Protein chains: 2
Amino acid sequence: MTAAVKCPPRPRERIIDAARDLFRKHGIKGIGVDAIAEAADSNKMTLYRHFGSKDDLVFVCLQEAAAEAEAFWNDIKKTNPDDPKAQLNDWVRRAGDFITMEHCNCELLDAAAQLVESDHPARRFVEDLRALYMKRLVELCREAGVGDAELLVDALSLLVEGARCNWRSAGQKGAATRFVPIAQMVVADFMQHTA
Amino acid sequence: MTAAVKCPPRPRERIIDAARDLFRKHGIKGIGVDAIAEAADSNKMTLYRHFGSKDDLVFVCLQEAAAEAEAFWNDIKKTNPDDPKAQLNDWVRRAGDFITMEHCNCELLDAAAQLVESDHPARRFVEDLRALYMKRLVELCREAGVGDAELLVDALSLLVEGARCNWRSAGQKGAATRFVPIAQMVVADFMQHTA
DNA sequence: TGACAATGTTACCGATCTGTAACATCTACC
DNA sequence: GGTAGATGTTACAGATCGGTAACATTGTCA
C-alpha cells in the first residue's frame, strides 16, 4: 500500500515499482508474487496478465534499472562535456548518492549475485551490462589521465559493490556512508601515479 | 556425495560442512534441508535430530565460521608479534586468499546481507561479530601508525565485502582477483598520510 | 445506456519446503 | 551374542509459492 500512493496509477507500473523495491529488500527468492501484487495495491492475477511469470517480471525490473543506469551515465557525460576528470569525480559523487539512497538502482549487482549458479534468463543480460559499464569507466579513467585505468576501475567496482552490500546490512552506521571520501582518495592516488 | 569423501565420518560434522558449502553457493533461502542432508551423505531425519531446525543449523554454521575467523586473526597476531605493519600487510594478503578460495569463511558477510530485514535469531550474532572485527582492525591500523584508522578500516571493509560479492558473481575474470594489490595501494596511501 | 477491455476476487492445482512420526537397520560396547 | 543408542528409510502433515481457471466488478468510450 505504501508504494501505491506515490506510484503511477496503472497497475503495471505499480507492480514494477513494488517488485523492484521488494526484490532489493528481500532478494529475488525472498519475496513472493503475492506479496508484490499486494504491495502494488493489485493482485496476483493482474500481475500474471502483464508478466507471464516471475522470471519475466524480474527481467523487466532489470531492464528498467538498466535504463536508469543509462540515463545516469548520459547525464554525467553531458554535465561536464570534454572534462574527463570532472566526469570521473562526478561519477564518484553520484555513485555514492545512489548507494545511500533508499531507492537505488544497484539491483543489477544484487541480481548478478543472486542469479549466479542458476539458469535464470536474465543472467547474461546482467553480465553483459556489467561488462559494458566497466568498459565505459575504463575509457573515462584513461581519458582522465589515469595510468592503470583497469586497476582503478577494479578498485571502484569493489568499493561500489562493497558499499551496496554494507549499506543494506549495516545501514547508516556502516562504512558505506564513507564511500565518497574513500573513493575520492583512491582516485586521487591513481591520478598521482600517472605516467 | 562429494563432501562426504573428504569430510569427517560423523554425520553431524558432515552436515555442517555440506550446509556451509551449500549456503555459500545458493544462499540460506536458496537451499533446502533435504539437499543439505543428501550432500552430506545423510538424511533429513538425522539432520533434525542434531539440529532442531534449519535456523539452528544456520546458527551453528555461523559459529563455526566465527571460530575459524578467530583462528585466522590469532594466527596473524602470532606470526608477526610486535610488528603491526607486518600484521596489517599479512591481514590484507590472507584476506585476499580467503576471498578467492572456494571454501572461504566469508559466509558471515553473506549471512549479514541475507538476514537483514528478517528476524533470524543469528542476526545479532553476526552484527556483533562484525563490530568486533572492525574494532580489532582499527586498533591494529592505529598501532601501525595510520592516521585515520577508522576510514582505512571502512575502506578495507568495502573492498573485502565488494570482492566477496564480485568473486561469487564474476569469478576468476572479475575484479576480486585484484583485491590484494588494490588493498595494498590503499593501505600504503593511508600510511603516507600519517600525521 | 450499452459494450468491451482492464482489473479484482476466489478458489484451486502441483510442486517444494520445513518438520515429524513410525519403523527398520546398523554399530559400538559389555 | 545381545542390548542400547545412533542412524537410515519411508511416509506424511502443514505451510508456502508459482501459476491458472472461472467469474465478478470497474472504468472507458461510443
Side-chain angles (χ1 to χ4, degrees), chain A residues 1 3-5 7-62 111 114-115 117-123, chain B residues 1 3-5 7-62 111 114-115 117-123:
Chain A
M1 56 164 78
V5 260
C7 286
R10 308 285 295 180
R12 180 187 159 88
E13 278 67 34
R14 292 205 313 269
I15 290 170
I16 292 175
D17 286 352
R20 290 181 63 184
D21 184 47
L22 293 175
F23 284 153
R24 265 193 302 273
K25 284 182 182 167
H26 304 275
I28 293 177
K29 287 179 186 168
I31 197 72
V33 288
D34 253 325
I36 293 171
E38 190 183 1
D41 260 346
S42 184
N43 55 79
K44 193 164 59 170
M45 204 56 239
T46 299
L47 187 151
Y48 275 101
R49 274 191 280 249
H50 282 286
F51 315 95
S53 69
K54 185 182 181 182
D55 282 350
D56 289 354
L57 175 60
V58 169
F59 201 97
V60 171
C61 287
L62 293 178
Q114 292 173 35
L115 301 181
E117 298 273 346
S118 81
D119 292 340
H120 199 283
R123 188 182 161 187
Chain B
M1 57 163 79
V5 259
C7 287
R10 306 286 294 181
R12 181 187 160 88
E13 278 68 34
R14 293 203 313 267
I15 290 171
I16 293 175
D17 287 353
R20 291 180 62 183
D21 185 48
L22 293 174
F23 284 152
R24 266 192 302 272
K25 285 181 182 167
H26 304 275
I28 292 177
K29 288 179 184 168
I31 198 72
V33 288
D34 252 325
I36 293 171
E38 190 182 2
D41 260 345
S42 184
N43 55 80
K44 192 166 57 171
M45 204 55 239
T46 299
L47 187 151
Y48 274 100
R49 275 191 280 248
H50 282 286
F51 316 94
S53 69
K54 185 183 180 180
D55 282 350
D56 289 354
L57 175 59
V58 169
F59 200 96
V60 172
C61 287
L62 292 178
Q114 292 172 35
L115 301 183
E117 298 276 344
S118 81
D119 291 340
H120 198 285
R123 189 183 160 187

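Chain letters run A, B, ... following the sequence lines, proteins first, then strands; residues in each count from 1. Because the structure is predicted, anything quoted here is derived from the model rather than measured.
As rounded to whole Å, 13 Å separates atom C1' of dC17(D) from atom CG of D55(A). Straight-line distance from the CG atom of L47(A) to the P atom of dC17(D): 14 Å, rounded to whole Å. For F51(B) and dG19(C), the CZ to P distance is 13 Å, given to the nearest whole Å. Rounded to whole Å, atom C1' of dC12(D) lies 13 Å from atom CG of D34(B). Counting to the nearest Å, the C1' atom of dT10(D) and the OH atom of Y48(B) are 17 Å from each other.
The CD1 atom of I28(B) sits 8.0 Å away from atom NZ of K54(B), with the distance rounded to the nearest 0.5 Å. Here the NZ atom belonging to K29(A) is positioned 7.5 Å from the NE2 atom belonging to H26(B), to the nearest 0.5 angstrom. Taking CD1 of I15(B) as the reference point, atom CG of L22(B) lies at 12.0 Å (rounded to 0.5 Å).
Among the atoms of the strands shown, none is found under 4.0 Å from any heavy atom of I15(A). No contact: I36(A) has no heavy atom under 4.0 Å from any strand.
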Encode nucleotides 7-13 of chain C as B, S and - characters from 5' to 3', where the letter depends on protein heavy atoms closer than 4.0 Å: B to the base, S only to sugar-phosphate, - to neither.
BBB----
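R49(B) places a side-chain heavy atom less than 4.5 Å from the side chain of T46(B). Looking at heavy atoms from C-beta onward, D56(B) lies out of side-chain contact with V60(B) at the 4.5 angstrom threshold.
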Residue pair F51(A), V58(A): steps toward the side-chain contact (heavy atoms from CB on, under 4.5 Å) verdict:
CA-CA 9 Å; F51(A) 315 95; V58(A) 169; over 6 Å; no
